[in-house]
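Note that this is a predicted model, so its numbers are computed, not measured. Naming convention: chains lettered A, B, ... in sequence-line order (proteins, then strands); numbering from 1 in each chain.
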Number of protein chains: 2
Amino acid sequence: MNDWAWLGFDSTPVQLKKAERLFGQGAKVQRMHILVNGRVKLIRHPFDGEDVVLHVATAGEMIAEASFFSEVYHCSAIADLPSEIQCIDRNEALEKMLSDTRFSRNVMHLFAQQIRDLRGLHELRNIRSAQSRILTYLATQADSSGKIIVNMSLRDMAYKLGLAHETLYRELRKLETSGQLERPASGEIILRETLA
Amino acid sequence: MNDWAWLGFDSTPVQLKKAERLFGQGAKVQRMHILVNGRVKLIRHPFDGEDVVLHVATAGEMIAEASFFSEVYHCSAIADLPSEIQCIDRNEALEKMLSDTRFSRNVMHLFAQQIRDLRGLHELRNIRSAQSRILTYLATQADSSGKIIVNMSLRDMAYKLGLAHETLYRELRKLETSGQLERPASGEIILRETLA
DNA sequence: CGAGTCGTTGAACGGAATCAATCGTCGTGG
DNA sequence: CCACGACGATTGATTCCGTTCAACGACTCG
């Protein structure tokens with residue numbers, strides 16, 4: 001999907017099986033990671049209480065970008081699917097950032113992109129109604145023809161949207177019944193125009 | 001609060017009165033902005049429907065960092081309080097980013113910080129219960145003695161937490177009654193230890 | 001002084017979470 | 001190879017808690 005040539009990787013990517021760990025909370029930050037393929041969950045382990053899913057990284061994302069300037073990771077990274085990850089030494093990356101124009105710009109782009117996505121999600125959560133939250137989200141994901149390829153389970157989508165998965169199922173069904181969307185195949189959703 | 005010396009500003013900051021506009025949605029991105037003092041709201045104006053508050057920037061933040069790499073702004077910035085803003089020409093900033101090590105690193109830091117904050121907020125919203133969401137948030141804001149200086153109105157805090165302001169008032173009252181926190185003065189909250 | 005806003009509380013409603021049960025699919029190991 | 005367990009998708013019934021609507025006093029600012 002993305003072209004990572006600018007990263008100047010010569011090494012082969014790390015391969016992780018499902019449930020394998022890329023790094024653990026508290027570990028020293030020594031590398032920069034780009035998720036080329038697969039899915040990686042970032043988990044925080046609080047002193048008390050149960051684990052919290054901080055984020056689910058999908059293909060093309062930089063993993064734990066926020067930790068890049070920290071000494072140690074504040075969360076663990078665990079493969080949620082078989083994944084392929086490009087690594088680059090932290091110091092090497094920092095150096096490259098100063099010497100290689102394209103590199104630093106691209107990294108910044110990744111950061112900015114991430115911020116915009118997060119703000120979008122935040123904005124989304126301010127929508128109280130489950131139905132319009134879902135519609136708004138789908139609208140942002142759809143291409144010009146209204147088609148959406150869902151590359152995650154509906155459960156994960158529900159989590160991302162901050163809804164109980166049952167609610168997501170129900171609302172999707174309602175929207176389907178009312179003709180506002182179609183689901184020709186699992187993992188595929190088509191939005192129908194409903195201009196007010 | 002923050003030291004912006006590294007930005008190498010020689011110019012005097014822009015002064016905005018309340019409700020004055022820094023830039024409008026769709027305008028060309030020509031400068032980089034750092035909010036030195038005050039409060040600025042980022043507003044998106046959708047084609048239909050009413051305006052949406054994307055974010056409320058407070059002192060020390062870079063404004064619309066996500067737009068820095070875009071051609072035009074995807075939102076408007078409006079002073080929410082009398083504000084002081086440092087501006088730097090976009091091209092100048094990009095240049096500086098490549099030539100000045102400290103500058104680029106600091107900008108990246110700002111970005112990373114922002115991402116971490118946003119993720120934290122996201123994480124927070126996954127807590128369903130209003131009470132524990134509030135407690136968790138306060139815990140992150142408190143210093144070692146449990147003291148919290150609230151630099152925004154409770155209404156804004158409620159918005160940030162994704163709660164109706166009435167709910168926030170009520171829950172704060174409950175927590176106060178049950179001795180889990182004190183409010184010696186407005187804008188000041190003290191958390192009491194309640195180890196399980 | 002009046003307009004605007006914040007903080008606060010009451011009452012009622014509604015919608016989403018929760019609990020629960022079923023079905024299908026996939027992977028794994030005996 | 002098939003049984004079993006794990007997990008995703010789906011739907012029903014019920015509960016509960018946060019939103020919403022409403023009203024009021026205090027304070028600030030022009």
Side-chain angles (χ1 to χ4, degrees), chain A residues 17-20 38-39 41 50 53 56 78-82 124-137 148-178 181-189, chain B residues 16-20 38-39 41 50 53 56 78-83 124-138 148 150-178 181-189:
Chain A
K17 276 179 272 188
K18 180 173 172 172
E20 266 187 314
R39 201 168 60 200
K41 278 192 175 159
E50 43 189 323
V53 178
V56 181
I78 291 162
D80 196 38
L81 289 176
L124 207 62
R125 297 241 176 156
N126 286 330
I127 301 174
R128 313 279 184 199
S129 149
Q131 176 156 324
S132 48
R133 192 188 302 177
I134 292 167
L135 276 176
T136 306
Y137 174 72
I148 299 150
I149 305 297
V150 183
N151 56 357
M152 55 180 126
S153 73
L154 291 182
R155 279 174 116 92
D156 283 345
M157 186 191 288
Y159 181 84
K160 191 167 184 173
L161 294 178
L163 296 170
H165 56 277
E166 297 97 323
T167 306
L168 177 57
Y169 295 135
R170 272 187 262 270
E171 293 302 326
L172 282 179
R173 173 52 44 92
K174 271 196 217 164
L175 290 169
E176 206 175 1
T177 305
S178 73
L181 60 81
E182 292 173 30
R183 283 188 288 176
S186 80
E188 199 172 325
I189 296 177
Chain B
L16 284 187
K17 276 179 272 188
K18 181 171 172 173
E20 266 188 312
R39 201 168 60 199
K41 278 193 173 156
E50 43 188 324
V53 177
V56 181
I78 292 162
D80 196 37
L81 289 178
S83 300
L124 206 62
R125 297 243 177 155
N126 285 331
I127 302 173
R128 313 282 185 198
S129 148
Q131 175 157 325
S132 48
R133 192 188 301 177
I134 292 167
L135 276 176
T136 305
Y137 174 72
L138 291 178
I148 299 150
V150 183
N151 55 357
M152 56 180 127
S153 71
L154 291 182
R155 279 174 120 94
D156 283 345
M157 186 191 289
Y159 181 84
K160 192 167 184 175
L161 295 177
L163 295 170
H165 56 275
E166 295 96 324
T167 306
L168 177 57
Y169 295 137
R170 273 187 261 270
E171 292 302 325
L172 282 179
R173 171 54 43 92
K174 270 195 217 165
L175 291 168
E176 207 174 1
T177 305
S178 74
L181 61 80
E182 293 172 31
R183 285 189 287 177
S186 80
E188 200 172 324
I189 295 177

Taking B:Thr177 for its side chain and B:Arg173 for its backbone only, find out whether a donor-acceptor pair lies under 3.5 Å. yes
Please confirm whether the backbone N or O of B:Leu16 pairs with a side-chain atom of B:Ser83, one donor and one acceptor, at under 3.5 Å? no
Would you check, one step at a time, whether the test side chain to side chain contact (heavy atoms under 4.5 Å, CB included) holds for B:Glu176 with B:Glu182? CA-CA 6 Å; B:Glu176 207 174 1; B:Glu182 293 172 31; 5.8 Å; no
Sugar-phosphate atoms are those with a prime plus P, OP1 and OP2; base atoms are the rest. Using that split, label each nucleotide of nucleotides 15-30 of chain D B, S or - for protein heavy atoms under 4.0 Å, 5' to 3'. ---SBBBB--------
Net bend of the helix from C:dC1-D:dG30 to C:dG30-D:dC1, end axes of five pairs each, nearest 10 degrees: 50°
Criterion side chain to side chain contact (heavy atoms under 4.5 Å, CB included) on A:Met157 and A:Val150, from CA distance to verdict: CA-CA 9 Å; A:Met157 186 191 288; A:Val150 183; 3.5 Å; yes
5'-most to 3'-most nt of DNA chain C touching chain A (<4.0 Å, heavy-atom partner on protein side) reads C:dA16 to C:dA20
If every non-hydrogen atom of [X] is compared with every non-hydrogen atom of [Y], which pair is closest and at what distance?
X        : Y        : value
A:Ile134 : A:Glu171 : CD1-CB, 3.5 Å
B:Ser153 : B:Arg39  : N-NH1, 4.3 Å
B:Ser132 : B:Ile127 : OG-CG2, 3.4 Å

Does A:Arg133 form a side chain to side chain contact (heavy atoms under 4.5 Å, CB included) with A:Thr167? I'd like the steps, not just the answer. CA-CA 12 Å; A:Arg133 192 188 302 177; A:Thr167 306; over 6 Å; no
With the side chain counted from C-beta on, respond yes when B:Glu188 and B:Ile148 share a heavy-atom pair under 4.5 Å apart, and no when they do not. no
Starting from the C-alpha separation in whole Å, work towards a yes-or-no answer on side chain to side chain contact (heavy atoms under 4.5 Å, CB included) for A:Leu175 and A:Gln131. CA-CA 8 Å; A:Leu175 290 169; A:Gln131 176 156 324; 3.6 Å; yes
